[in-house]
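Quick notes on the structure that follows.
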Amino acid sequence: MALSVAKCPSSSAAARLAPGHSPLRWSTLLRPFPRHVLAGSVAIPSSKNWNLGVACKQEVGTVPVSSPKEAASKNVEIGGSLGLSSEEYRDVIGPNSSEREPTVSITVVGASGDLAKKKIFPALFALYYEDCLPKHFTIFGYARSKMTDAELRTMVSKTLTCRIDKRENCNEKMEQFLQRCFYHSGQYESEENFADLDKELKEHEGGRLSNRLFYLSIPPNIFIDVVKSASKSASSKNGWTRVIVEKPFGRDSESSAALTRGLKQYLDEDQIFRIDHYLGKELVENLSILRFSNLVFEPLWSRQYIRNVQLIFSEDFGTEGRGGYFDNYGIIRDIMQNHLLQILALFAMETPVSLDAEDIRNEKVKVLRSMKPLQLENVVIGQYKSHTKGGVAYPGYTDDKTVPKGSLTPTFAAAALFIDNARWDGVPFLMKAGKALETRRTEIRVQFRHVPGNLYKRSFGTDLDRATNELVIRVQPNEAIYLKINNKIPGLGMRLDRSNLNLLYASRYSKEIPDAYERLLLDAIEGERRLFIRSDELDAAWELFTPLLKELEEKKIAPELYPYGSCGPAGAHYLAANYNVRWGDTASDA
Ligand SMILES: NC(=O)C1=CN([C@@H]2O[C@H](COP(=O)(O)OP(=O)(O)OC[C@H]3O[C@@H](n4cnc5c(N)ncnc54)[C@H](OP(=O)(O)O)[C@@H]3O)[C@@H](O)[C@H]2O)C=CC1
Ligand SMILES: O=C1O[C@H](COP(=O)(O)O)[C@@H](O)[C@H](O)[C@H]1O
């Protein structure tokens with residue numbers, strides 16, 4: 001019996017249960033079959049998505065089980081549905097299977113840093129809390145700072161939170177989690193120090209099959225040093241070794257290619273997990289479901305019905321504390337070339353052959369390669385300046401001590417991009433990204449064409465744009481999908497109104513939405529590459545932006561100043577107007 005696949009919810013049950021058995025709790029059953037259970041025991045093509053099916057001897061109920069072995073002992077049959085021969089299946093659950101249960105060691109390199117504290121450790125705890133981590137796991141922090149295990153635990157404990165919808169046993173779970181966190185101090189380029197880490201990892205792995213995940217939460221100039229030392233001295237000898245690489249992946253085509261070459265000296269492409277955390281956001285994940293599983297959307301998804309697409313990122317705070325990093329990159333590299341472009345590629349791709357990572361990434365890369373490199377005339381840049389509001393003085397970008405005086409680095413950019421293919425010919429994809437703006441939000445806005453020969457056009461007055469349908473996917477905050485439609489105001493007259501058909505996640509679902517890092521860490525542990533960037537995608541992304549970035553820097557183009565907390569430079573409106581577009585987020589009924 002084929003079952004649908006879901007991510008480790010401990011809630012819904014899946015396997016069919018023989019009579020008399022009470023439900024067990026194990027979450028991984030609902031995931032694509034956990035490769036960590038199988039790896040090393042039987043040969044399984046790593047790229048294959050296992051659609052876990054469960055057949056039953058006597059079908060009377062549903063229950064998750066904790067492992068193939070447990071399934072067998074509970075009279076639940078899974079071997080056949082996994083496509084394993086009976087010998088292979090026996091091999092998985094056979095004698096001494098507990099020694100064969102693999103371990104996963106997760107080493108957070110740069111554990112003393114901001115991202116590790118803010119995102120990575122909390123995400124790992126959330127996975128642990130949700131029973132999504134494998135049974136045998138250990139977490140190591142690695143950095144140069146001197147710290148004991150206890151000090152690391154104290155540091156980590158300050159940033160852990162309990163889910164708002166599930167607080168039971170939270171403190172207990174936190175304590176258990178912290179007991180599995182350790183720290184190793186070392187230099188990033190030292191093979192010796194990584195060899196010492198290897199010894200410690202081995203002690204914790206206790207002779208089991210060892211899988212190792214390294215999360216590079218460090219500045220990019222030391223990526224290669226770490227990958228070299230870790231791969232030479234601390235990679236797994238009998239399981240997989242994977243490396244999550246944080247952005248920035250270079251600052252232009254050449255530096256990105258050099259980074260990829262450097263990484264590939266020590267790693268295969270399928271060991272490299274380039275993270276773009278926007279791909280792990282719930283509503284970005286939902287984009288393909290919205291389009292490909294709703295008949296009302298997919299037929300409209302082209303130049304025939306869509307007038308323009310807007311990808312909007314705004315933050316209501318500046319670069320506070322990150323000016324040193326930011327000034328070397330700017331908003332185009334920080335947000336547009338990666339987060340917004342990835343969303344665009346997902347939005348615009350053709351239907352992939354399957355949900356397999358390679359099929360999806362093949363389609364995304366085709367979109368990127370069909371796009372025209374950005375032209376200077378299609379871009380507006382801005383930089384925030386100080387502003388006093390309600391008696392509070394907000395600093396300008398260059399007031400930050402870590403930013404060089406007179407810096408021309410853009411903290412805001414708007415751009416018009418085009419995809420040269422049959423589906424999207426002539427449709428502007430407008431991007432807008434900025435820091436220190438009025439609001440914090442990320443949205444995808446799809447503005448549809450006017451209704452031809454609209455019977456009601458008189459009721460809309462002269463501004464027909466106001467009557468077009470708009471689909472808004474609000475990625476954050478207050479996740480929502482809403483569609484602006486026209487309707488009649490109830491009553492005897494004929495007055496039209498614009499209303500929202502609104503799926504507001506907080507009203508529809510009581511469950512808290514997981515942080516993007518949770519999904520991505522879990523995927524990396526499972527070897528699911530769909531949400532990570534392949535090197536050809538990265539090359540194509542840089543090809544689009546590199547000529548523009550060079551021109552901006554060579555010509556020293558001055559950004560338009562905008563006040564901290566405003567809605568950004570006016571130039572963004574002129575840019576949109578060139579393409580007959582109005583930014584949807586600035587409308588009165590946004
Ligand atoms: N912070 C964030 O919100 C985000 C960060 N990123 C990316 O994630 C990575 C980590 O970010 P973040 O934690 O903010 O970075 P940090 O600047 O906090 O650096 C992380 C750790 O790396 C070590 N380190 C810092 N600078 C150097 C250096 N010049 N040479 C050697 N080691 C150094 C320090 O550890 P020690 O001195 O103990 O060795 C530090 O604690 C970066 O690539 C960043 O671009 C991506 C998205 C968001
Ligand atoms: O990658 C980055 O993302 C953050 C915004 O992420 P979010 O998940 O909080 O929306 C941004 O602030 C940062 O500058 C950038 O490097």
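Atoms within each ligand, like the ligands themselves, are counted from 1 in listed order.
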**Asked** Under the criterion side chain to side chain contact (heavy atoms under 4.5 Å, CB included), which of E443, R440, E282, R441 is the partner of Q476?
**Response** R440
**Fill in**
protein heavy-atom neighbour closest to atom 41 (O) of ligand 1 works out as S112 OG, 2.7 Å
**Prompt:** Between E200 and Y183, do the side chains contain an N or O donor and an N or O acceptor separated by less than 3.5 Å?
**Reply:** no
**Asked** Taking atom 10 (C) of ligand 1 as the point of reference, which of S217, G324, A143 owns the nearest heavy atom?
**Response** S217
**Message:** Show the atoms of ligand 1 that are less than 4.0 angstrom away from any heavy atom in K118.
**Reply:** 1 (N), 2 (C), 3 (O)
**Request:** Can you pull out the closest protein heavy atom to atom 5 (C) of ligand 1? Residue, atom name and distance to 0.1 Å, please.
**Result:** R322 NH2, 3.7 Å
**Message:** Quick check on the 6.0 Å ring-centre criterion: do Y394 and Y384 meet it?
**Reply:** no
**Message:** Quick check on contacts: which atoms of ligand 1 are under 4.0 angstrom from a heavy atom of D114?
**Reply:** 1 (N), 2 (C), 3 (O), 13 (O), 14 (O), 18 (O)
**Request:** Among residues two or more places apart or on two chains, list those pairs meeting ring pair (Phe, Tyr, Trp, His ring centres under 6.0 Å) that have a residue in residues 522-557.
**Result:** F273-F532
**Heavy-atom nearest option to atom 45 (O) of ligand 1, drawn from K247, K146, E246** = K247
**Prompt:** Can you tell me the protein heavy atom closest to atom 39 (O) of ligand 1 and the distance?
**Reply:** Y188 OH, 2.6 Å
**Asked** Should one rank I218, L115, D276, V109 by closest heavy-atom distance to atom 48 (C) of ligand 1, which comes out on top?
**Response** L115
**Message:** Tell me if the centroids of the rings in H339 and F313 come within less than 6.0 Å of each other.
**Reply:** no
**salt bridge (Lys or Arg N to Asp or Glu O under 4.0 Å) contacts touching residues 392-404 (sequence neighbours left out)** = none
**Prompt:** Does R180 make a cation-pi contact with F140 (under 6.0 Å, within 45 degrees of the axis)?
**Reply:** no
Close N/O pairs between ligand 2 and protein, under 3.5 Å:
residue  : atom   : partner : partner atom : Å
ligand 2 : 1 (O)  : K247    : NZ           : 2.8
ligand 2 : 1 (O)  : H339    : NE2          : 2.8
ligand 2 : 6 (O)  : H277    : NE2          : 3.1
ligand 2 : 8 (O)  : H277    : NE2          : 2.8
ligand 2 : 8 (O)  : K281    : NZ           : 2.6
ligand 2 : 10 (O) : Y278    : OH           : 2.4
ligand 2 : 10 (O) : Q476    : NE2          : 2.7
ligand 2 : 12 (O) : E315    : OE1          : 3.4
ligand 2 : 12 (O) : E315    : OE2          : 2.6
ligand 2 : 12 (O) : K435    : NZ           : 3.3
ligand 2 : 14 (O) : R322    : NH1          : 3.2
ligand 2 : 14 (O) : D334    : OD2          : 2.6
ligand 2 : 14 (O) : K435    : NZ           : 2.8
ligand 2 : 16 (O) : K247    : NZ           : 2.8
ligand 2 : 16 (O) : R322    : NH1          : 3.3
ligand 2 : 16 (O) : D334    : OD1          : 2.7
ligand 2 : 16 (O) : D334    : OD2          : 3.4

**Message:** Is there a polar contact, in the sense of an N or O pair closer than 3.5 Å, between R144 and ligand 1?
**Reply:** yes
**Message:** Considering non-hydrogen atoms of the protein only, which is the closest contact for atom 22 (O) of ligand 1, and what is the distance?
**Reply:** P219 CD, 3.6 Å
**Message:** To the nearest 0.5 Å, what is the distance between NZ on K247 and CD on Q337?
**Reply:** 9.0 Å
**Asked** Quick one: CG on L115 to OG on S217, what's the gap to the nearest 0.5 Å?
**Response** 4.0 Å
**Message:** Any protein heavy-atom neighbour for atom 15 (O) of ligand 1 (distance below 4.0 angstrom)?
**Reply:** no
**Request:** Return the minimal non-hydrogen interatomic distance between F249 and I275, and the atom names on each side.
**Result:** CZ-O, 3.3 Å
**Prompt:** Would you say N221 and ligand 1 have an N/O pair spaced under 3.5 Å apart?
**Reply:** no
**Prompt:** With sequence neighbours excluded, what pairs up with H184 under the ring-ring contact (aromatic ring centres under 6.0 Å, His included) test?
**Reply:** Y142
**Asked** Looking at ligand 1, does any of its N/O atoms fall within less than 3.5 Å of an N/O of S145?
**Response** yes
**Prompt:** After noting the C-alpha distance and the side-chain angles of Y325 and D334, does the key distance pass the side chain to side chain donor-acceptor pair (under 3.5 Å) rule?
**Reply:** CA-CA 10 Å; Y325 151 80; D334 193 43; 2.7 Å; yes
**Message:** As an exercise, identify every atom of ligand 1 less than 4.0 angstrom from a heavy atom of P248.
**Reply:** 45 (O)
**Residue among I525, T107, V243 satisfying side chain to side chain contact (heavy atoms under 4.5 Å, CB included) with L213** = I525
**Message:** For I222, which part has a heavy atom under 4.0 Å from ligand 1: side chain, backbone, both, or neither?
**Reply:** side chain
